[in-house]
Amino acid sequence: MRSMTIDDVVRIARIYGVRVSPKGEVGYIVARPDLEANKYRSYLTIWRPSGDEYYLEAESISSIAWSPTGSSLAFLGRKTREDRKEGVGLYIWTGKGEPRLLTWFKHGASQLSWPLEDRILVLAYTEVEGDYDKDGDYVATSSIPLWRDGEGLVAGLKRVILSIDPGSGYTAEVAAENTDILGYEYHKGSLYYYHAPDPRDPLSHRLVKIEAGRKEEVLEGYTIGQLSSSDDKLYMLAHTRPIGISSHYRLYTLEEGEASCTSCGFKWNIASIAGFRDGEPVIVYLQRGASILAQMSGADARPITGEREYVHAAHVYKGIAAYILSTTTSPPEVYADMAGSRARISRVNQWLAREVALVEPIHFTVEAEGDTVDAWVMLPPSGEPPYPAILYIHGGPKGMYGYRFHPEMQLAASRGYAVVYSNPRGSDGYSEEFADVRGRYGEEDYRQLMKVLDVALERFSLDPERLGVTGISYGGYMTNWIVTRTSRFKAAVSENGIADWISDYWASDIGYWFDPDQIGGTPQTSLETYISRSPAFHVDNVETPLLLIHSMEDYRCFIDQALAMHVSLRVRGKKSRLIVFKKGGHGHSILGEPRHRRKRLEAIWSWFDEHLRGAINGGRQGGGDPSTSPKPAGKP
């Protein structure tokens with residue numbers, strides 16, 4: 001077994017879009033990085049219970065939907081690079097021959113479904129008359145936001161529901177509002193959808209029903225995450241914001257315009273409704289670092305997957321549960337559960353576990369601030385202790401570390417670094433109260449992170465003189481915050497994080513509602529609070545060398561955040577380095593081009609190797625040697 005390299009991390013394929021057909025077949029999408037071509041090669045895979053598999057290669061595929069009989073499959077994407085430059089196409093494929101292009105969406109489309117043989121539904125952007133400039137010279141809007149992360153400028157556009165005839169491609173608008181439609185579901189001959197009537201309050205949703213051409217408002221005031229139809233009931237995943245946006249999602253049934261909570265006695269946050277089995281909903285919920293697929297009966301969950309596994313996505317239909325799952329030492333693959341029997345149906349990433357020495361994390365708990373905090377440490381598989389150590393901080397704050405595969409942490413361990421990570425207050429996977437850090441960023445969460453590190457130093461052979469810290473998004477914010485509070489770290493890497501809540505309020509695509517909820521008030525009403533929580537205003541005592549990594553197309557945490565920290569440090573003569581990738585959004589560390597992702601990792605490890613007392617394990621292990629890095633051949 002060999003050590004993990006940067007190229008290994010980049011070459012791990014993304015698997016997504018898993019869907020079970022009415023015939024019991026499973027479709028899923030694989031995006032395999034091609035480092036040499038600097039692109040992703042997308043494959044649509046159909047697995048049949050007989051064990052046969054069929055493949056379709058395309059330039060890109062974003063989502064799939066089976067026809068009601070299971071004889072055909074629709075997908076959104078681009079078949080070839082020669083397809084039109086803007087937007088995505090809707091294609092139909094029978095599993096044989098080439099797919100047929102049905103229609104094209106210039107401004108993009110999402111949430112694809114095929115509820116009736118003669119009707120395909122999508123959410124798609126349409127142009128707002130008077131706001132959209134057809135020459136593309138400018139954008140205009142009387143609303144907010146101006147842009148969305150991952151989508152770019154959305155001024156002059158709004159999301160509507162379109163119906164497409166699968167035979168002719170005829171497209172008609174079936175539902176539109178003054179604001180974006182956020183999601184929909186077809187149930188018993190009626191179309192249900194939800195939107196936020198007031199763009200200033202995008203978490204207060206209105207549910208609308210269209211039946212026989214008649215429009216009816218069903219309910220209002222919930223934050224809705226998903227609608228899902230069983231044979232006899234319509235389910236809603238929602239909450240009423242008892243602790244703002246940190247609230248846990250609950251299961252509701254909708255009958256005669258009334259919402260009844262069926263899971264309000266359930267402690268854990270529900271991430272999604274995967275489908276139904278035996279007339280009961282099957283959900284994915286988060287629990288102490290695990291993401292668990294379970295069948296729900298009222299507020300009782302019967303797990304299908306284990307408490308030390310992580311379900312990334314799932315779909316359940318006709319008794320078959322298909323899901324994408326990883327563990328701490330197994331990268332994501334697709335599995336199918338039939339009558340309680342699990343089978344792995346993909347082998348996309350198995351090369352990694354077969355060739356690379358992977359580290360099993362050690363779980364420990366820490367008592368801090370009245371909470372029991374889950375924490376983990378990865379120790380290097382070789383080298384002499386005490387080891388240099390890096391504290392990783394997840395995003396969110398309502399993110400979660402735990403039992404999923406963390407390739408960048410495995411890379412750190414392979415390079416001779418110990419890795420410490422945890423779920424401090426604010427994390428998902430615990431009680432709703434535990435997730436609530438509104439108005440207290442940098443308080444309990446900071447103290448718990450420091451206590452976790454203290455305990456790790458006591459229990460494991462880690463070098464207190466060679467400590468690093470890193471994180472992305474909220475993790476980047478906490479990295480910025482930490483270096484203004486302590487000098488115990490000899491190097492820090494902050495990625496796409498917040499440094500100035502004042503500018504974030506107006507520049508971020510979600511700042512105008514996220515920041516009042518999480519920080520409290522607005523810059524106009526609570527300026528001192530915003531300043532007190534902003535690391536860029538507290539840099540005078542910073543001693544830790546800081547590497548800031550950001551991307552120009554990040555509209556979630558805009559580029560001004562990295563600039564605020566970098567400029568504030570440099571004018572004071574402190575060590576800061578700023579790397580800005582010209583492309584890529586907030587999730588560029590995962591979704592960026594392969595070459596982009598490789599260079600990002602090279603920069604991170606060059607920084608840590610330089611500042612944590614020289615290179616570890618004989619060098620930088622930069623991009624890896626293409627002659628020795630695995631190149632899986634053929635179809636997934």
Side-chain angles (χ1 to χ4, degrees), residues 144-145 148-149 179-180 182-183 194-207 219-226 236-252 259 261 263-264 266-272 285-286 369-371 393-400 423-446 448 473-475 477-478 481 497-498 501-502 504-534 556-557 586:
I144 43 180
R148 284 195 181 92
D149 189 64
T179 58
D180 287 335
L182 303 173
Y194 55 98
H195 71 111
D198 186 348
R200 297 171 301 175
D201 187 10
L203 297 182
S204 182
H205 297 160
R206 176 181 293 161
L207 181 65
L219 54 80
E220 195 164 357
Y222 290 82
T223 296
I224 303 173
Q226 185 183 354
M236 176 175 75
L237 195 62
H239 61 70
T240 57
R241 302 181 298 286
I243 60 167
I245 63 174
S246 300
S247 303
H248 283 1
Y249 279 95
R250 312 293 186 189
L251 267 180
Y252 293 81
C261 186
S263 71
C264 282
F266 190 60
K267 175 181 178 180
W268 314 104
N269 189 27
I270 300 175
S272 66
Y285 70 93
L286 305 176
E369 303 284 315
D371 298 317
I393 307 169
H394 64 61
K398 202 179 180 185
M400 183 183 76
N423 290 330
R425 181 165 276 270
S427 301
D428 209 342
Y430 304 87
S431 69
E432 199 169 51
E433 187 272 335
F434 185 86
D436 189 6
V437 289
R438 292 174 299 168
R440 305 193 310 278
Y441 278 34
E443 295 182 16
E444 299 109 306
D445 47 3
Y446 166 70
Q448 289 183 351
S473 191
Y474 164 80
Y477 165 77
M478 285 303 297
W481 183 262
I498 298 294
W501 288 108
I502 301 170
D504 182 75
Y505 175 80
W506 8 79
S508 168
D509 62 343
I510 65 173
Y512 64 95
W513 55 265
F514 181 94
D515 299 2
D517 182 89
Q518 293 290 291
I519 303 304
T522 69
Q524 293 94 338
T525 64
S526 306
L527 182 59
E528 290 185 5
T529 298
Y530 272 64
I531 291 174
S532 71
R533 302 293 176 195
S534 297
R556 183 61 37 85
C557 298
H586 195 58

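All values reported here derive from a predicted model rather than from experimental measurement.
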(request) Could you check whether the rings of H394 and Y474 sit parallel, tilted or perpendicular, using 30° and 60° as the cut-offs? (result) tilted
(request) Nearest 0.5 Å please: distance from the NZ atom of K267 over to the CZ atom of F434. (result) 10.0 Å
(message) Measuring from atom CG of D517 to atom OG of S246, what distance do you get when rounded to the nearest 0.5 angstrom?
(response) 6.5 Å
(message) Can you tell me how far apart CD1 (I502) and OG (S526) are? Round to the nearest 0.5 Å.
(response) 11.0 Å
(message) Show the nearest heavy-atom pair for residues H239 and R241, with the distance to one decimal.
(response) ND1-N, 3.0 Å
(message) Please check: side-chain N/O of R200 versus main-chain N/O of I144, any donor-acceptor pairing under 3.5 Å?
(response) no
(request) Indicate yes or no for a side-chain donor-acceptor contact from S247 to the backbone of G244 under 3.5 Å, with no hydrogens or angles considered. (result) yes
(request) Check whether any side-chain heavy atom of H205 sits under 4.5 Å from a side-chain heavy atom of L219, and report yes or no. (result) no
(message) Enumerate the side-chain hydrogen bond (donor to acceptor under 3.5 Å, both in side chains) contacts for residues 505-515, please, sequence neighbours excluded, ordered by first and then second residue.
(response) D509-R556
(message) Tell me whether K398 is salt-bridged to E432, with the criterion being a basic N under 4.0 Å from an acidic carboxylate O.
(response) no
(message) Would you say the ring centers of Y252 and Y222 fall short of 6.0 Å from each other?
(response) yes
(message) Can you tell me which residue among R425, Q448, R533 is in a side-chain hydrogen bond (donor to acceptor under 3.5 Å, both in side chains) with E443?
(response) R533
(message) Taking the basic N atoms (NZ, or NE/NH1/NH2) and the acidic carboxylate oxygens, is any pair closer than 4.0 Å for R148 and D180?
(response) yes
(message) When you measure from the side chain of D436 to the backbone of R438, do you find a donor-acceptor pair of N or O atoms at a distance under 3.5 Å?
(response) yes
(request) With rounding to the nearest 0.5 Å, note down the distance linking CE in M236 to SG in C261. (result) 9.0 Å
(request) Rounded to the nearest 0.5 Å, what's the gap from CD1 on I224 to CG on L203? Could you check? (result) 11.5 Å
(request) Compute the centroid of each ring, for W501 and then for Y441, and state whether the two points are separated by less than 6.0 Å. (result) yes
(request) Find out whether W268 and L286 are in side-chain contact, i.e. whether some heavy atom of one side chain is under 4.5 Å from a heavy atom of the other. (result) no
(request) Flag yes if more than 12 heavy atoms outside E528 fall under 6.0 Å of its CD atom; otherwise flag no. (result) no
(request) Heavy atoms only: give me the nearest A435-H248 pair and the separation to one decimal. (result) CB-CE1, 4.4 Å
(message) Quiz question: by atom type and distance under 3.5 Å, do the side chains of Y477 and D504 form a donor-acceptor pair?
(response) no
(message) Can you tell me how far apart CH2 (W481) and CD1 (I498) are? Round to the nearest 0.5 Å.
(response) 13.5 Å
(request) State, to 0.1 Å, how close P197 and T179 come at their nearest heavy-atom pair, and which atoms those are. (result) O-CG2, 3.7 Å
(message) Which heavy atom of C557 sits nearest to which heavy atom of G497, and what is that distance?
(response) CB-O, 4.3 Å
(message) I'd like to check I270 versus L237 (side-chain heavy atoms, cut-off strictly below 4.5 Å). Are they in contact?
(response) yes
(message) Tell me whether D149 contacts the main-chain N or O of H586 through its side chain, where contact means a donor paired with an acceptor under 3.5 Å.
(response) yes
(message) So M478 and P397, do their side chains get closer than 4.5 Å, heavy atoms only?
(response) no
